[in-house]
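In what follows, a single structure is set out as structure tokens and then discussed.
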Protein chains: 2
Amino acid sequence: MTTRGRIDKRHAILNAAFTVFSRKGYSQSCVNEIAAEAGVAKPTVYNHLDSKENLFRHAMTAAAEGAMARNLAAIEGLRDAGGELRGALEELGLQLLLCYANEQSWALRRLLYAEVTQFPDLLDIVLGNGTNRLAEALADRLARLTLTGRLRVTDPAAAAEQFLALLTGPVDIRSRLGTRLLTEPELRDVAGNAVSTFLLAFAAEDARATAAT
Amino acid sequence: MTTRGRIDKRHAILNAAFTVFSRKGYSQSCVNEIAAEAGVAKPTVYNHLDSKENLFRHAMTAAAEGAMARNLAAIEGLRDAGGELRGALEELGLQLLLCYANEQSWALRRLLYAEVTQFPDLLDIVLGNGTNRLAEALADRLARLTLTGRLRVTDPAAAAEQFLALLTGPVDIRSRLGTRLLTEPELRDVAGNAVSTFLLAFAAEDARATAAT
DNA sequence: CCGGCTGAACGCACCCGTACAATTCGGCGT
DNA sequence: ACGCCGAATTGTACGGGTGCGTTCAGCCGG
């Protein structure tokens, strides 16, 4: 597959499909519009991807893999936690929120929520096969920080779950489910609040005096 | 359940509309099926509600108002916080999650996420006009608990935001966006975890020894 | 007798997936 | 560097299906 004989129109088609799907939803989007957005004729779309359903699935997987890669990279950035723990966590939170509050990520989650009943397999693709890959990766890092005495968490998985919840929950509301894009200072504020309460709960010794403004 | 006045048919139509919409999504649902589900002829539907769009809006508002009322009642139950603060917060968390993880609430949020770009006004209706009414009501109660010396929160709004995030975030993941219904013990576990870290961060004095399992 | 309800059908529009002939583009031998 | 071949692409049109919103005659209860 992937006929290399010609320019990779498949990529253009998948990108166009995702943008159109994110504008109008799955069933409201028509293949004609996707073809137009990709600058391609409709039969070409069916030449590369068999059906609208497959088109949707592949467009979602492509977008999901990109978003997951960026998120994992942000978490991996915590590996070399420099001197200051709070600063490192705040930076991690900001990076995660920059991925999370992205226009494309909002569209991805909206489409996932909308079609999760019709396409249940999308869950494994978007969240990362099995349970949530982000939480697992973050749990690994929190466990390391606990072993080195920087944190005091008894259940790394639960702590990771809650760290992510403290980040995404407030953003969901403040951003009005993605209809209002947040500025970087707003994201930094949310990340700071999240790290503050996370450290109040899980810091090893404590610098509890330095709460948020 | 047969005709007992016109007002009953309107309720039946709205209920049927919400169940069908939650099964198939907005654009995949056809008015015929809604009419059949309500035990009503299609012209009757258009006699009560002008268009499919209006039908969707009214069905969503009805479901949203019901869910919001139950949530606010749960928060109001915190007004007379008995002797034990942790027990009261855990009970509140469980009640909120019983509302949140309900099948109907999942359907409501899925439809909201799916159609928020096409029907932006649904946001004010579902979240409660203006900003989040739940967070505001909970912030009021947290402020009271701070004044009476049971908690130590500097920003009640942010604390309420985070308490709700600690509840709903883990449930979103564990429930796989509502495709897997959680049992009450599971919800109790999530609520216990949320209250534990919340108290670790915001308890006035502290009973920090009693963390989760 | 009257107003709401019913069942069925209709016009209109939309869209998926495919067929077909004409056309363009990339690769290759020389 | 050049020109040809075959494959990929294009535009258009069609068949099948579906659904919205409406119309209309008949029905039932008060």
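Just so it is clear, the model here is predicted, and its values are computed rather than measured. Side chains are part of it too, since the values below use all heavy atoms of this structure and drop only hydrogens, waters and symmetry mates. Protein chains get the first letters and strands the later ones, always in sequence-line order, with residue 1 at the start of each.
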Can you list everything that forms a side chain to side chain contact (heavy atoms under 4.5 Å, CB included) with A:N54? Sequence neighbours excluded, please.
A:D50, A:S51, A:H58

Tell me the interatomic distance from B:Y26, atom OH, to D:dG19, atom C1', rounded to whole angstroms.
12 Å

Which pairs would a plain distance check flag for residues 87-102 of chain A, meaning a side-chain donor or acceptor within less than 3.5 Å of a matching protein atom at least two apart in sequence or in another chain?
residue, atom, partner, partner atom, Å
A:E91, OE2, A:Q95, NE2, 2.8
A:Y100, OH, A:D172, OD1, 2.8
A:Y100, OH, A:D172, OD2, 3.4
A:N102, OD1, A:Q104, N, 2.7

Can you check the B:L55 CG to D:dC20 C1' distance for me, whole Å?
12 Å

Any side-chain N or O of B:T44 below 4.0 angstrom from OP1/OP2 of C:dC5?
no

Enumerate the salt bridge (Lys or Arg N to Asp or Glu O under 4.0 Å) contacts for residues 18-28 of chain B, please, sequence neighbours excluded, ordered by first and then second residue.
B:R23-B:E33, B:R23-B:E37, B:K24-B:E33

Any pair with a residue in residues 22-42 of chain A that passes ring-ring contact (aromatic ring centres under 6.0 Å, His included), sequence neighbours left out, goes on the list, sorted by first then second residue, please.
A:F21-A:Y26, A:Y26-A:F56, A:Y26-A:F119

What does the B/S/- profile of nucleotides 15-23 of chain C look like, 5' to 3', with a 4.0 Å heavy-atom cutoff to protein?
SBBBB----

Spacing between A:H48 atom NE2 and D:dT9 atom C1', to the nearest angstrom
9 Å

Has B:R144 got more than 12 heavy atoms of other residues, nucleotides or ligands less than 6.0 Å from its CZ?
no

Distance check: side-chain N/O of A:K9 vs OP1/OP2 of D:dA7, anything under 4.0 Å?
no

Those residues that, when tested against A:R57, pass side chain to side chain donor-acceptor pair (under 3.5 Å) (two or more places apart)
A:E53, A:D121

Would one find a side-chain N or O of B:N47 under 4.0 angstrom from OP1 or OP2 of C:dG4?
no

